[in-house]
2 protein chains.
Amino acid sequence: MISQTAEYALRAVVCLAQNFEKPLTTVQIANVTKVPEHYLSKVLHALVKGAIIKSQRGLHGGYLLIHAIDQLSLWTIINAVDPLKRIESCPLKLGAHKTNLCALHKKINQSMKLMEDTLKNSTVRTILDESSLIIPLRES
Amino acid sequence: MISQTAEYALRAVVCLAQNFEKPLTTVQIANVTKVPEHYLSKVLHALVKGAIIKSQRGLHGGYLLIHAIDQLSLWTIINAVDPLKRIESCPLKLGAHKTNLCALHKKINQSMKLMEDTLKNSTVRTILDESSLIIPLRES
DNA sequence: AGATAAAAAGATATTTTTATCTTTTAATTG
DNA sequence: CAATTAAAAGATAAAAATATCTTTTTATCT
């Protein structure tokens with residue numbers, strides 16, 4: 001439903017949000033998020049290209065969030081690495097359904113929109129603030 | 001978001017619902033739904049195993065719906081071929097998050113639940129009834 | 001019983017996603 | 001400038017999803 005890659009991206013950004021002062025390296029993020037290190041490196045790169053985070057090479061380098069955490073939605077993060085594509089046109093390519101999706105695809109699309117809207121309305125800050133005793137990525 | 005396989009299953013069931021009197025063969029369904037014939041055969045088989053449809057071999061055989069179309073939800077169909085798995089436990093396997101998901105996974109899960117609920121509340125009848133000029137799977 | 005129709009089952013292939021490993025490039029520090 | 005650190009880039013591998021093709025089994029009809 002949400003790809004592994006998207007889940008990894010969300011973890012990485014939450015991790016960066018929890019440590020927003022200093023750059024974190026791939027290895028550090030991998031340790032906290034439990035994402036395979038080398039795969040994470042690709043995901044982080046996608047987030048850089050998607051302008052969610054920025055990277056700094058060399059000593060004391062690593063990754064930093066670009067956005068304020070209350071401006072950054074889960075949807076934005078997911079979309080940077082693995083767009084949740086809605087149904088824009090008839091999957092069967094029926095001409096008659098071009099402008100108007102049929103009830104089946106409308107309904108599927110609507111259900112996906114609800115999910116999308118929820119993710120659009122959830123900022124990283126929401127996630128950090130809602131954590132009480134259970135802190136994202138933290139064991140205790 | 002919804003797998004290709006699930007989309008195919010939905011199309012197949014809608015097709016059967018539109019022709020509920022007589023069994024339709026794989027080839028017939030494939031033609032209407034524009035699903036690759038041999039792949040469809042696997043999907044239909046999964047629907048049989050999932051007790052959504054029944055099959056009849058031999059001459060005049062094919063597939064038939066088992067359920068009344070107003071008892072059958074899109075979710076049930078999708079689940080038979082490609083379960084939309086919600087987040088049941090912490091993907092990081094953090095002990096502290098065992099009973100209580102963290103805010104991140106709660107939120108992802110909640111967004112998936114909305115989608116799931118929409119699909120649970122949509123029956124095949126809803127889909128057929130809502131079609132006015134635009135009929136599912138039909139060109140004109 | 002024999003011919004035919006159609007699903008079931010199984011084998012193989014292709015594509016996409018996820019994961020790993022290595023080499024290259026860029027930044028920092030002494 | 002040399003050494004070190006870390007991201008970027010590229011190459012390869014493994015796994016999962018999707019697709020195709022062939023053979024087998026079961027049912028129907030004459």
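Remember, it's a predicted structure, so these values are computed and weren't measured experimentally. Just so we're on the same page: letters track the sequence lines, and every chain starts at 1.
- Rounding to the nearest 0.5 Å places NZ of B:Lys42 at 14.0 Å from CG of B:Leu47.
- In the hydrophobic clustering of ILVMFWY residues, with side-chain heavy atoms under 4.5 Å counting as a link, A:Trp75 and A:Leu114 come out apart.
- The NZ atom of B:Lys85 sits 10.0 Å away from the CG atom of B:Asn79 when rounded to the nearest 0.5 Å.
- Two residues, A:Gln4 and A:Arg57, neighbour DNA chain C, and the one matched to the more 5' nucleotide by heavy-atom proximity is A:Gln4.
- Protein chain B contacts DNA chain C from C:dA5 to C:dA11, reading 5' to 3' and using non-hydrogen atoms of the protein with a distance under 4.0 Å.
- Closest heavy-atom contact between A:Lys107 and B:Leu74: CG-CD1, 3.8 Å.
- Listed here is the closest heavy atom pair of A:Val14 and A:Pro136: CG1-CB, 3.8 Å.
- Each of B:Gly61 and A:Leu59 lies near DNA chain C, and the nucleotide nearest B:Gly61 is the one positioned closer to the 5' end.
- Of the listed residues (B:Leu40, B:Thr26, B:Ile29, B:Leu44), just one forms a side-chain contact (heavy atoms from CB on, under 4.5 Å) with B:Val35, and that residue is B:Leu40.
- Within residues 10-44 of chain B, the residues having any heavy atom closer than 4.0 Å to DNA chain C are, in order of number, B:Leu24, B:Thr25, B:Thr26, B:Lys42.
- Separation of atoms CG (B:Leu119) and OG (B:Ser73) is listed at 8.0 Å; rounding is to 0.5 Å.
- Both A:Tyr39 and A:Tyr63 are part of a single hydrophobic cluster, where members link through side-chain heavy atoms under 4.5 Å apart.
- When only modelled atom types and interatomic distance are considered, B:Asp82 and B:Ser3 share a side-chain donor-acceptor pair under 3.5 Å.
- For the pair A:His45 NE2 and D:dA6 P, the computed distance is 18 Å after rounding to whole Å.
- In DNA chain D, stems built from 3 or more consecutive Watson-Crick or G-U wobble pairs, each with both distances under 3.5 Å, span C:1-30 with D:1-30.
- Distance A:Ile53 CD1 to D:dA7 C1': 11 Å, rounded to the nearest Å.
- Separating the CG atom in A:Leu104 from the CD atom in B:Glu130 is a distance of 10.5 Å, to the nearest 0.5 Å.
- The side chain of B:His60 contributes an N or O atom lying less than 4.0 Å from OP1 or OP2 of D:dC29.
- A distance of 4.5 Å separates CE in A:Met1 from CG in B:Leu84, rounded to the nearest 0.5 Å.
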